[in-house]
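Since the structure comes first, as structure tokens, the remarks are kept for the end.
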Amino acid sequence: MPGSVKLRSVKKFGQENVGYEFSDEGKLCSSNYSQIYITLHSDCLICFPLQFRFASCREICMMIFGSLCAIVHGSAQPLMLLVFGMLTDTFIEYDIELNELSDPEKVCVNNTIQWRNLTEIALNMTKSCGLLDIEYEMTNFAYYYVGIGAGVFILGYLQISLWITAAARQIQIIRKMYFRKVMRMEIGWFDCTSVGELNTRMSDDINKINDAIADQVGIFIQRFTTFVCGFLMGFAKGWKLTLVIVSVSPLIGVGAGLMALFVAKLTGMELQAYAKAGAVADEVLSSVRTVAAFGGEKKEVERYDCNLISAQRWGIRKGLIMGFFTGYMWFIIFLCYALAFWYGSSLVVDTQEYSPGTLLQVFFGVLIAALSLGQASPCLEAFAAGRGAATIIFETIEREPEIDCLSEAGYKLDKVKGDLEFHNVTFHYPSRPEVKILEQLNLQVTSGETTAFVGPSGAGKSTAIQLIQRFYDPKEGMVTLDGHDIRGLNIQWLRSLIGIVEQEPVLFATSIAENIRYGRPGVSNDDIITAAKEANAYNFIMDLPQKFDTLVGEGGGQMSGGQKQRIAIARALVRNPRILLLDMATSALDNESEAVVQEALDKVRMGRTTISIAHRLSTIKNADVIVGFEHGRAVERGKHDELLDRKGVYFTLVTLQSQGDKALNQKARQDICEELFHSFYPTLSLFYYICRASVHQRSRSQLSNVVPELSVSGLPDDDSEEVEPAPVTRILKYNAPEWPYMLFGSFGAAVNGGVNPVYSLLFSQILATFSMPDPVEQRREINGICLFFVVVGLVSFFTQMLQGYAFSKSGELLTRRLRCLGFQAMLGKEISWFDDHRNSPGALTTRLATDASQVQGATGSQIGMIVNSLTNIGVAIIISFYFSWKLTLVILCFLPFLALSGGFQAKMLTGFAKQDKEALEAAGQISGEALNNIRTIAGLGKERNFVEMFEAQLEAPYQAALKKANVYGACYGFAQCVVFMANSASYRFGGYLVYREGLHFSFVFRVISAIVTSGTALGRASSYTPDYAKAKISAARFFQLLDHIPKISVYSNEGDKWDNFKGDIEFIDCKFTYPSRPDIQVLNGLSVSVRPGQTLAFVGSSGCGKSTSVQLLERFYDPNNGRVLIDGHESTRVNVAFLRSKIGIVSQEPILFDCSIAENIRYGDNQRDLSMNDVIAAAKKAQLHDFVMSLPEKYDTNVGSQGSQLSRGQKQRIAIARAIIRDPKILLLDEATSALDTESEKTVQEALDKAREGRTCIVIAHRLSTIQNSDIIAVMSRGYVIEKGTHDYLMSLKGAYYKLVTTGAPIS
């Protein structure tokens, strides 16, 4: 056995188990991680940020080198400004020379400008000329630009690819360690942690860490360096101007801060209002049957809309405030331009401290620095999110499991006999510490014998079995195997001795042979075949086309219950276990399969210690020992006959099941049964059915077992439905009423779009003034331009506000309209639509919340952005072509690249999570399957296999990530260097045009800056495409909802209506299956009729179709075959709303809405306005009035969510009052009193008897007292009526009804 185990002492009773030390760290995490793991807390890593905890030396070197590249890259833009300043000075010098020489009196002699008719008095001028070869100079500058561009490309590539590679390697380690640790956790931990949450952690949280340690770090370092270098350059080149510009920045900072504050506050308010509307939607969709039964659809849509109005109000305010602050910021920025150029020009012209180039270097240096700081801040958000996610993930990685299933510790016995014993075991589940499951349990299971555990649900039978498997450790006492405390035994070895077959066996999504092989690794095909034969599975497997290679489907979905059960038995047998645990192994099967499986089990029990939990007598009778459980203790033990004589728990079970033993005489039977009926009713009412689910109602993590296979197999996501994106015209049609807002908004956006190109006009005009010869003219021109900057700022302020308000108003109105329409459409759907798992209340509420707001991405503010970008580009191109079409064409060649780089950077910032997600789906499936079925995996000891499978699946995404690192690096480098290349070409060509074609140099700057700003606008516009695409898909999903025509429409006015509605009901040969479960026939030819004013009672076992027949009458569904007649009219031809208005329903678990008692009662009739007197009259009839008057707020008392503030009897009576106020012709009582205690039942029963007078009534009940007085009693079985008549008539038949009555067994 690898690793050394030193046995210190054997654990004494009641002590913690410290019986051994275990040395071999490398065992738990494979050796390459153990080192990292052990140094987790060593000093060198404590100083390192949390997220980088798993970086090895190699990754640390990569990150350091990546950071150096980022720092050098960050200094490239300020470096470019140095070149730009020199270039500007050169152009201006050249222009001054041209201006001088344009004077006919001046001439260039010996590289100096001189007057033509020189006299001795006129001193010669000292201005040089003819030295400046503008083309040569520009070629040099072009080379500088190309050089910087090439450097930027290489640095950008290295910076991104190194950081992404380092992150991919670390994330790979984190994923592996996290999954490994989760698989080592004890089952109790899974009870307290939902599987959904773990799956989210595996994907989203680890992706967040990835975002925080990948390219974002490099980009942040780069931008921060640009910020520092920009300011350094500003201060070094001209500190005065820098200080003036910096002095304005607090104004921008304050604006940004206030905007963030207001937006956060308003968003909070908006979300709160939406949460209220969402709560209404959720409440209504969760109780859609009640809403439909009482015709409350219109009322609910209005209630939902009321809540949406306040959300809309907050949304519009948010838009206005954002518009205001954006406008304010632009205004300040333009003021800042005006101030900088006005003060800077005085430093250039008046005091001549700066050259024009220096002015530009300082101004742009500070501007770029400020912009970079702004662009760096989103990275901080990613870091914070990553740090938060890392804390949670690393907490799990560091947690030591209480029961470590992968531990090599513990000793293994040489010989196992199989004696099990519980010594004073007390236990509660970690997820529910307040509920004691086992209390002082003492129990012996002898080796080689079959012991059966029996008892009511929740008595602790399955828990005892889980303690034997050591899924949990007892809180007190101990469980021993052959006298050894199982806590001291090696856990994998212990579980390898045990074979378990459960009620709902879990199969894995692979072939039958592989599923059986999970029982024992390395087992031969012959062993598999033997095991299959022993489990009576061989024949059916050989009948399948692919035999043992047949895939069983996700969760074994392709197999029937009996087949799954037998494969599970084969899997247990192939282990050749010493101990066999059968937890209701046959309860889910029909009689035929049960006989086959039972035979298999009887075969394999021989010579093994077997514990069987079962409720069917046939399964238990032959056990060597039967142990009766009650309240967490073993209260009786013995053989079948002994226990029958004792008349305890076991006797009760048997009598209820075999419908009275023939050996007892009639009289004794009657007495005992009546006694039993009253004393055991609460425990045993739905004994058999509840017991079947007993194991699985323990903890949240087990719920997955109880939901049908579909849900476990990972439901198809909403997005898995392929929808054609919706045409924009249709989206706009819904927005049509808001056209005036959209018109004004678009006008504002268009003006805003024109502002940028105007800025380039003004900027180049200022440069032009520096070469003017006349100082007075120069000063006047500069002042005029600065004033114009202020005007542009003011215009921008008002148009931004207009744009913000108009578009938020139109967008919010559209969202509200869509939500309302969507909700209305949902409530109009037929009930079977809600049975589809894709339309669960949660999914629908989310769809209302997200889809409707995403549709705004195609209208509203998005239109503003697009108009803004288009006018920006339009105006820029017009300006450029006007001033120099040749230069414009040269630059336009670079425009596609500029746009591409803009769009690409926007894409990069949104991250590449989506591709990663797809690549990780296979790994996600394995982790999902493992976590959903953790009990089965733990029982089989297969944790390591799943860890290995998971790690194998991670290899492909990891390789993809490494490949992607290079691609992204190259793209990023390219995006960054395109600007430099474009500048290099344009200034070189500009120099040529200035020299050869006499173009004014300011036009070169004008054209270049106009087109560069339009290029960024194009990039911005393209970054909105994801939103736009999302909007079209969301809209398509929404329109799908609106266009879907329900089979049973509530809103339609078609269908029969008639005045004298009597309530004559007839079911004729009705057959029906639920659309969500087409393979299960619920009604099998139901025929029964009831005359007006009569009461019909349905009795029969659960699932025989009683409630279904009521739902057909309500027209929640229509029968597949056969007809339901109401007063002779076929139900499918009757108007739905009319029919439902004549029916009142009281069900077993009545659903109340979160409003006052009076409102809940009024809900009974949504067609009329009901006065308080009507409400009180109905309450009196329902025996409710006195209780309500005793409450402090009387009828205004809020009942709480789902009526949680009231007791069951009180809820039931409100439901009765709600049905009575409708004054229905037909009253449906679906187990209306079954959930009540005897006293409440009496009160409610009286209320019901009153309510039944003069109405046609259909009752479904399990208590005899409720049914006896009915005019017709129909006994149902498997979807049709087997007996019907009055109570006395059916008793005289001595058939099914008679048996039910005489055994006192609950009828269902």
Side-chain angles (χ1 to χ4, degrees), residues 65-87 138-165 215-227 229-230 233 361 364-365 367-369 371-372 375-376 887 890-909 912 964-990 1008-1009 1011-1020 1022-1023:
F65 192 58
S67 304
L68 289 174
C69 290
I71 289 170
V72 180
H73 181 182
S75 56
Q77 259 189 314
L79 189 66
M80 178 173 106
L81 287 178
L82 282 175
V83 179
F84 182 63
M86 293 175 344
L87 179 145
M138 285 303 136
T139 308
N140 275 351
F141 287 130
Y143 286 146
Y144 286 144
Y145 270 126
V146 170
I148 297 176
V152 162
F153 177 75
I154 293 164
L155 291 167
Y157 164 71
L158 286 173
Q159 157 198 338
I160 295 289
S161 61
L162 286 171
W163 270 102
I164 291 184
T165 307
D215 52 333
Q216 294 287 343
V217 187
I219 291 173
F220 177 76
I221 294 173
Q222 172 203 330
R223 287 184 177 153
F224 192 73
T225 311
T226 307
F227 160 72
C229 292
M233 177 188 249
Q361 284 168 351
F364 283 118
L367 189 70
I368 282 175
L371 281 176
S372 298
Q375 288 175 322
L887 183 57
V890 168
I891 309 177
L892 281 181
C893 298
F894 284 94
L895 197 60
F897 295 113
L898 276 173
L900 259 178
S901 79
F904 179 73
Q905 267 171 290
K907 265 252 190 329
M908 263 195 80
L909 287 178
F912 24 91
K964 215 161 19 188
N966 294 319
V967 177
Y968 275 109
C971 290
Y972 184 75
F974 171 73
Q976 296 288 312
C977 85
V978 163
V979 183
F980 294 91
M981 300 304 177
N983 278 336
S984 131
S986 357
Y987 285 119
R988 172 67 192 84
F989 186 61
I1008 291 175
S1009 61
I1011 287 193
V1012 169
T1013 57
S1014 76
T1016 54
L1018 192 64
R1020 269 210 319 274
S1022 64
S1023 76

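Below, all heavy atoms of this structure are taken into account, side chains as well, without hydrogens, waters or symmetry copies. Note that the coordinates shown come from a computational prediction; the quantities given were computed from them, not determined experimentally.
With rounding to the nearest 0.5 Å, the separation of CZ in R988 from CG in N140 is 10.0 Å. In this structure, I160 CD1 and Q216 CD are separated by 8.5 Å, a value rounded to the nearest 0.5 Å. Atom OG of S372 and atom CD1 of I219 lie 12.5 Å apart (nearest 0.5 Å). In this structure, CD in Q77 is found 8.0 Å from CD in Q222, a value given to the nearest 0.5 Å. Y968 OH to I164 CD1: the interatomic distance, rounded to the nearest 0.5 Å, is 7.5 Å. Between the CZ atom in F364 and the CE atom in M233 there is a gap of 12.0 Å [rounded to 0.5 Å].
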task = Kindly determine whether M138 and L87 satisfy side chain to side chain contact (heavy atoms under 4.5 Å, CB included), including the steps that lead there.
result = CA-CA 8 Å; M138 285 303 136; L87 179 145; 4.0 Å; yes

ask   = Should I221 and V217 be marked as a side chain to side chain contact (heavy atoms under 4.5 Å, CB included) after you check the CA-CA gap, both sets of side-chain angles, and the distance that decides it?
value = CA-CA 6 Å; I221 294 173; V217 187; 4.2 Å; yes

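Between the side chain of T226 and the backbone N or O of G74 there is at least one donor-acceptor pair closer than 3.5 Å.
Looking at every heavy atom in both residues, S75 comes nearest to T225 through N-CG2, 4.1 Å. For the pair L158 and C69, the tightest heavy-atom approach, listed with the atom from each and the gap, is CB-SG, 3.7 Å. Heavy-atom minimum distance, S67 versus W163: OG-CZ2, 3.2 Å. The two atoms that bring P78 and G230 nearest to each other are CG-N, 3.9 Å, heavy atoms only. Of all the heavy atoms in S161 and A965, the pair that sits closest is CB-O, 3.5 Å.
Residues satisfying the side chain to side chain donor-acceptor pair (under 3.5 Å) test with Y157, not counting sequence neighbours, are N966.
Within the structure, no pair that satisfies the salt bridge (charged side-chain N to carboxylate O under 4.0 Å, His left out) test touches residues 145-163, not counting sequence neighbours.
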Would you give me the side-chain donor-acceptor pairs under 3.5 Å for residues 143-156, sequence neighbours excluded?
none

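Taking the six-membered ring where tryptophan is involved, the planes of F227 and F224 are tilted, since the angle between them lies from 30° to 60°. Relative ring orientation between H73 and Y972 is described as perpendicular, the plane-to-plane angle rising above 60° on a 0-90° scale split at 30° and 60°.
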